[in-house]
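Throughout, numbering of the chain's residues begins at 1 and tracks the sequence.
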Amino acid sequence: PAMSPAALLRALPLAALLLLSPARAARQARRPNVVLILTDDQDLIPFLVLSFQTPLKKTNALIAQMGVTFVNAYVPSALCCPSRASILTGKYPHNHHVVNNTLEGNCSSKLWQKIQEPYTFPALLKAMCGYQTFFAGKYLNEYGAEDAGGVGHVPPGWSFWYALEKNSKYYNYTLSVNGKARRHGENYSVDYLTDVLANMSLDFLEYKSNFEPFFMMIATPAPHSPWTPAPQYTKSFQNVSAPRNSNFNIHGKNKHWLIRQAKTPMTNSSIQFLDDAYRKRWQTLLSVDDLIEKLVKKLEVNGELDNTYIFYTSDNGFHTGQFSLPIDKRQLYEFDIKVPLLVRGPGIKPNQTNKMLVANIDLGPTILDIAGYDLNKTQMDGMSLLPLLRGEKNVTWRSDFLVEYQGEGYNGSDPTCPGLGPGVTHCFPDCVCEDSYNNTYACVRTLSASWDLQYCEFDDREVFVEVYNLTADPHQINNIAKTIDQEILEKMNYRLMMLQSCSGATCRTPGVFDPGYRFDPRLMFSNHGLRARRFSAQFL
């Protein structure tokens with residue numbers, strides 16, 4: 001039988017004591033600890049609601065109000081596996097080559113394990129920085145697949161490994177406990193996954209070595225489907241429904257065909273379904289809020305809170321009815337690519353708001369920087385947030401970043417929706433589909449002193465372009481691709497080509513509206529454009 005987390009953890013301190021000299025132990029103990037809480041499919045709304053109706057009151061009080069909230073935090077791909085790969089590697093999808101949630105799309109594939117896993121930031125933390133590392137929760141959507149080593153595969157870099165097999169569930173799941181399968185059933189008191197993760201985390205903090213700094217990554221299933229709340233929360237938020245912003249339940253005119261195919265207005269049953277899903281999502285987050293409270297209290301009791309950075313974020317946003325798309329993510333709009341990012345820790349002043357443009361590719365470099373690792377030794381595309389966390393003045397920062405996604409779809413038609421033709425997927429009963437093979441796009445998201453802009457190109461027969469001025473149109477209703485100044489379009493096209501082929505430092509060059517930007521029109525519309533940059537099978 002598999003050892004319990006507590007038993008496994010109790011075995012560590014003696015070994016650590018034998019290996020660490022008193023001088024090294026003292027040196028190691030001073031370095032900050034880091035905790036990263038990653039939720040699944042969480043949009044910004046729970047943190048934007050100012051009324052008493054919010055599922056994350058304790059998280060807000062214990063992290064946001066004690067530290068900094070990044071109000072312009074994004075993901076470079078609005079889908080679980082590519083986004084999580086970006087967090088782990090600090091790279092854009094075109095550099096880590098995880099393009100969707102399938103093994104064929106490099107999600108936890110053997111190629112990912114061979115090429116990328118040895119160089120993730122946790123692997124560097126453990127091997128190069130002497131951190132003890134702990135993972136609990138959802139890793140990558142195809143983790144545990146038999147074709148890629150099953151749950152016996154434990155990625156390099158983890159001292160303690162409690163990873164969910166495959167995708168998010170709340171009951172009836174299998175965990176890899178340091179490479180050994182452990183099956184859970186449907187008894188709330190011992191199986192509800194968010195609570196199991198909380199208890200494993202508390203066990204780690206109780207029994208870990210006190211002679212090495214630690215890194216914890218806790219990846220909750222909430223608020224991902226199937227949206228199963230803890231029994232004590234099933235009656236919560238009975239009056240809550242999805243926000244009715246100006247882009248709710250309207251036709252996505254002048255948008256890519258996939259958005260235009262959504263049926264407007266939505267049926268009453270569709271609206272009822274998405275409202276119910278929205279409510280249940282909030283209910284599942286109440287257990288995450290409890291986890292945060294337990295974790296912070298334990299750190300405080302241990303005397304470690306003041307020397308611990310705590311990061312809270314999500315792998316992507318989520319939509320519920322915007323442009324008449326029922327529920328999902330993977331689109332290029334703010335509701336899918338924008339995520340919460342809250343940080344507290346040593347040297348961070350309380351109740352801060354930061355408006356800089358940050359992305360989840362920055363988490364790895366930031367955590368390595370906290371640990372004292374030389375970032376010049378990495379191949380990461382992101383930037384360390386540490387200067388921003390410390391409130392340093394006159395920090396040179398990015399004004400844009402890349403969003404990229406390769407659509408999923410199949411050669412055959414969906415038998416329930418034959419009229420839509422081949423290539424669509426994730427279709428609802430009323431034949432509204434959330435994805436397609438040519439829902440493949442790349443965007444430059446710009447946020448500078450003078451511009452709040454998004455420029456996107458689709459890899460389809462039209463080479464369809466969408467452009468939004470978010471200063472005038474924050475809900476991205478009006479595509480201005482045909483009316484915006486042609487020179488800006490040309491510069492954005494060129495910048496997009498540059499970012500799609502960037503790696504490491506070249507991903508951090510000046511944006512179109514930065515003083516140091518250089519534009520060479522001779523390179524316009526070269527063979528290095530989007531159509532040539534489509535994620536190809538040669539990577540996989």
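In this structure, Gly179 and Trp161 approach most closely via the heavy-atom pair N-CD1, 4.3 Å. Of all the heavy atoms in Thr366 and Leu386, the pair that sits closest is CG2-N, 4.1 Å. When all heavy atoms of Ser448 and Phe513 are compared, the pair lying nearest together is OG-CB, 3.8 Å. The nearest pair of heavy atoms linking Asn307 to Arg30 is ND2-O, 3.6 Å. Considering every non-hydrogen atom in both Pro46 and Thr54, the closest pair reads O-OG1, 2.7 Å.
Taking the six-membered ring for Trp and the full ring otherwise, Phe214 and Tyr131 have centroids separated by 6.0 Å or more. Two rings, from Tyr162 and Phe134, have their centers less than 6.0 Å apart.
Note: Asp41 CG to Ile327 CD1 = 9.5 Å, rounded to the nearest 0.5 Å. Taking OG1 of Thr174 as the start and CD of Glu165 as the end, the distance is 4.5 Å to the nearest 0.5 Å. Rounding to the nearest 0.5 angstrom, the gap separating the CZ atom in Phe135 from the CG atom in Leu88 is 7.5 Å. Atoms CE and CH2, on Met383 and Trp397 in that order, are 4.5 Å from each other to the nearest 0.5 Å.
Partners of His319 by side-chain hydrogen bond (donor to acceptor under 3.5 Å, both in side chains), not counting sequence neighbours, listed by chain and number: Asp336, Glu434. For Ser83, the side-chain hydrogen bond (donor to acceptor under 3.5 Å, both in side chains) partners are Asn360, not counting sequence neighbours. Taking Glu304 as the reference, Lys208 meet the salt bridge (Lys or Arg N to Asp or Glu O under 4.0 Å) condition, with sequence neighbours excluded. Asn100 meets the side chain to side chain contact (heavy atoms under 4.5 Å, CB included) test with Leu79, Thr102, Glu408; sequence neighbours excluded. A search for disulfide (SG to SG under 2.5 Å) contacts involving Cys80 returns nothing, not counting sequence neighbours. The side-chain hydrogen bond (donor to acceptor under 3.5 Å, both in side chains) search around Asn60 returns none, not counting sequence neighbours. The salt bridge (Lys or Arg N to Asp or Glu O under 4.0 Å) search around Lys298 returns Glu206, not counting sequence neighbours. With sequence neighbours left out, Phe318 forms a ring pair (Phe, Tyr, Trp, His ring centres under 6.0 Å) with no residue at all.
Checking Arg445 against Ser399 by side-chain atom types alone, no donor-acceptor pair falls below 3.5 Å. No donor-acceptor contact under 3.5 angstrom links the side chains of Tyr139 and Arg84, judged on distance only.
Screening Arg281, Lys338, Lys329 against Asp43 for a side-chain hydrogen bond (donor to acceptor under 3.5 Å, both in side chains) leaves a single residue, Arg281.
The main-chain N or O of His153 is found under 3.5 Å from a side-chain atom of Tyr143 such that the two form a donor-acceptor pair.
Salt bridge annotation for Lys57-Asp289: absent, with no cationic side-chain nitrogen under 4.0 angstrom from a carboxylate oxygen.
Between Leu56 and Gln42, some side-chain heavy-atom pair lies under the 4.5 Å cut-off.
Residue pairs satisfying the salt bridge (charged side-chain N to carboxylate O under 4.0 Å, His left out) criterion with at least one member in residues 216-229, sequence neighbours excluded, are absent. Applying the salt bridge (charged side-chain N to carboxylate O under 4.0 Å, His left out) test to pairs two or more places apart or on separate chains, none has a residue in residues 367-395. A salt bridge (charged side-chain N to carboxylate O under 4.0 Å, His left out) check over residues 344-362, counting only residues at least two apart or in different chains, returns the pairs Asp362-Arg398.
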For residues 220-232, tabulate all N or O donor-acceptor pairs below 3.5 Å that involve a side-chain atom, not counting sequence neighbours.
from: Thr220; atom 1: OG1; to: Ala222; atom 2: O; distance (Å): 3.0
from: Trp227; atom 1: NE1; to: Pro223; atom 2: O; distance (Å): 3.4
from: Gln232; atom 1: NE2; to: Tyr188; atom 2: OH; distance (Å): 3.0

